[in-house]
Amino acid sequence: MENMELKIAVCEDCPEDAKLLSDYIKKSFPGSSIELFDSGEKLISAFVPDRYHLIFFDIYLKGITGIQAAQMIRTIDEDCEIVFTTVSREHTLEGYDVFALSYLLKPVQPEDINKVIRRYLQKHRQDTSTHTEEECLIIKNKRKILRIPLSKIEYIEADNKKCRLHLGTYTIDTYMGIGQLTQLLPAPPFLHCHRSYIVNMEHVLDMNNDFTMKSGIIVYIRQSDHKRIRETYLNYLIQKEREYHHE
């Protein structure tokens with residue numbers, strides 16, 4: 001497990017504290033990749049589900065607080081672990097509302113970080129011991145390059161010159177065209193079912209005239225090609241059933 005890479009974000013508006021925290025993390029777990037943010041707004045703007053294993057939030061940030069930023073993270077990612085650093089225990093109960101892994105008082109000491117890393121590894125030992133890198137879609141989003149886990153994509157919708165990726169309650173826009181995305185996505189489980197839609201059949205609840213997603217959203221089917229799309233979906237279900245019985 002120590003050979004795995006821990007992807008960590010540090011959200012701290014004091015440069016000296018950010019550097020100190022990063023140095024302690026690197027010493028505690030050399031296999032860490034660390035991204036620094038000096039505001040909650042910047043971290044939220046860059047965040048996508050599964051991007052980080054751990055996020056260290058200073059509670060007293062300029063702009064939105066670390067607690068508020070963590071609450072936003074929790075609406076789209078339930079698995080990322082959150083650690084708060086602060087000069088006061090005043091907001092401890094709010095930290096528990098977002099299921100914080102730990103709550104560290106400043107000045108943070110190396111042994112504090114060692115305990116956090118150990119706690120994370122112990123909690124995720126089973127997951128990380130069988131960890132394999134999940135296949136991702138790499139997209140351009142504004143000036144950033146993002147890696148989106150395929151399993152998180154419910155469906156994709158074309159909207160004028162851009163496409164919108166729907167990931168549950170979260171959406172990401174890209175100026176990549178729907179034809180280009182169709183070529184990049186594996187089929188199955190992805191199916192270009194309408195000139196404006198690509199559906200992930202893993203997230204389909206039912207199919208009638210159109211697809212009904214598990215979230216309740218309706219994704220349209222190209223009616224002129226309805227028979228072929230229906231057969232593709234039924235064949236996908238049959239294959240999934242065969243795989244289930246052979247496990």
Side-chain angles (χ1 to χ4, degrees), residues 1-134 136 147 149 151-152 170:
M1 180 165 41
E2 282 68 16
N3 292 327
M4 70 173 288
E5 178 188 39
L6 278 184
K7 295 177 287 186
I8 297 174
V10 172
C11 192
E12 168 63 71
D13 56 10
C14 173
E16 293 79 11
D17 287 353
K19 184 180 186 308
L20 192 65
L21 194 55
S22 298
D23 290 344
Y24 288 164
I25 293 170
K26 280 291 187 183
K27 289 178 182 177
S28 179
F29 198 89
S32 301
S33 63
I34 302 172
E35 291 187 59
L36 301 180
F37 298 90
D38 60 10
S39 75
E41 289 87 346
K42 289 181 181 178
L43 191 151
I44 295 297
S45 176
F47 186 83
V48 292
D50 295 331
R51 180 162 184 167
Y52 304 111
H53 296 104
L54 270 165
I55 300 177
F56 287 81
F57 276 115
D58 179 19
I59 287 183
Y60 296 103
L61 295 166
K62 298 183 181 73
I64 64 172
T65 67
I67 293 285
Q68 291 170 326
Q71 289 169 340
M72 294 179 193
I73 294 292
R74 273 292 173 259
T75 65
I76 56 177
D77 192 322
E78 298 178 353
D79 299 323
C80 176
E81 297 289 358
I82 292 170
V83 177
F84 291 114
T85 64
T86 185
V87 294
S88 168
R89 288 196 178 276
E90 180 182 354
H91 299 278
T92 303
L93 292 178
E94 293 176 75
Y96 288 119
D97 285 343
V98 294
F99 306 103
L101 181 68
S102 192
Y103 194 103
L104 306 180
L105 283 178
K106 293 184 176 182
V108 176
Q109 302 299 317
E111 54 268 27
D112 297 330
I113 300 303
N114 290 336
K115 288 178 183 177
V116 166
I117 298 297
R118 283 200 302 270
R119 185 177 299 176
Y120 176 87
L121 294 175
Q122 288 168 359
K123 183 176 179 180
H124 296 270
R125 184 177 301 275
Q126 184 174 358
D127 294 337
T128 56
S129 63
T130 57
H131 174 77
T132 56
E133 187 71 22
E134 182 175 357
C136 293
R147 291 171 54 86
S151 63
K152 299 289 185 181
Y170 192 64

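What's counted below: heavy atoms across the whole structure, side chains too, no hydrogens, waters or symmetry copies.
The distance from the CZ atom of Phe37 to the CD1 atom of Ile55 is 8.5 Å, given to the nearest 0.5 Å. The CG atom of Asp50 sits 6.5 Å away from the OG atom of Ser151 when rounded to the nearest 0.5 Å. Taking CG of Leu43 as the reference point, atom SG of Cys11 lies at 5.0 Å (rounded to 0.5 Å). Atoms CD and OG, on Glu12 and Ser39 in that order, are 11.5 Å from each other to the nearest 0.5 Å. One distance of note links SG of Cys136 with NZ of Lys152; it measures 10.5 Å at 0.5 Å rounding. A distance of 11.5 Å separates CG of Asp77 from OH of Tyr52, quoted to the nearest 0.5 Å.
Taking both residues in full, the closest heavy atoms of Ser22 and Ile34 are given as O-CD1, 3.7 Å, listed atom of the first, atom of the second, then distance. Nearest heavy atom pair, residue Tyr24 against residue Val108, reads CE1-O, 3.2 Å. The two residues Phe84 and Ala70 have their closest heavy-atom pair at CZ-CB, 3.7 Å. The two atoms that bring Ala69 and Ile44 nearest to each other are O-CD1, 3.6 Å, heavy atoms only. Between Leu61 and Ile64, the closest heavy-atom pair is CB-O, 3.5 Å. Contact detail for Ser28 and Asn114: the closest heavy-atom pair is OG-OD1, 2.9 Å.
For the pair Arg119/Glu81, no side-chain contact is recorded, criterion being any heavy-atom separation below 4.5 Å from C-beta on. Side-chain contact check for Ile82 versus Arg74: some heavy-atom pair is nearer than 4.5 Å. The side-chain heavy atoms of Pro110 and Lys27, taken from C-beta on, include no pair separated by under 4.5 Å. Looking only at side-chain heavy atoms (C-beta outward), Ile25 and Phe56 come within less than 4.5 Å of each other. Residues Thr86 and Tyr103 form a side-chain contact, since some pair of their non-hydrogen atoms from C-beta on lies under 4.5 Å apart. When side chains are defined from C-beta on, Asp17 does not count as touching Thr85, because their heavy atoms never get closer than 4.5 Å.
The backbone N or O of Leu104 lies less than 3.5 Å from no partner atom in the side chain of Asp112, so there is not a single donor-acceptor pair. A donor-acceptor pair under 3.5 Å is absent between the side-chain atoms of Ser45 and the main chain of Glu41, judged by distance alone.
We find that Asp23 and Lys19 are joined by a salt bridge, their nearest charged nitrogen and carboxylate oxygen being less than 4.0 Å apart. Checked for salt-bridge contact, Arg51 and Glu35 meet the test: a charged N lies under 4.0 Å from a carboxylate O. Ion pair Asp58/Lys106 flagged as a salt bridge, since at least one NZ, NE, NH1 or NH2 atom sits closer than 4.0 Å to an Asp/Glu carboxylate oxygen.
Under a cut-off of 6.0 angstrom, the local environment of CD in Glu111 is crowded, with over 12 non-hydrogen atoms contributed by other residues, nucleotides or ligands.
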- Could you go step by step and tell me if Phe29 and Ile8 meet the side chain to side chain contact (heavy atoms under 4.5 Å, CB included) rule? CA-CA 11 Å; Phe29 198 89; Ile8 297 174; over 6 Å; no
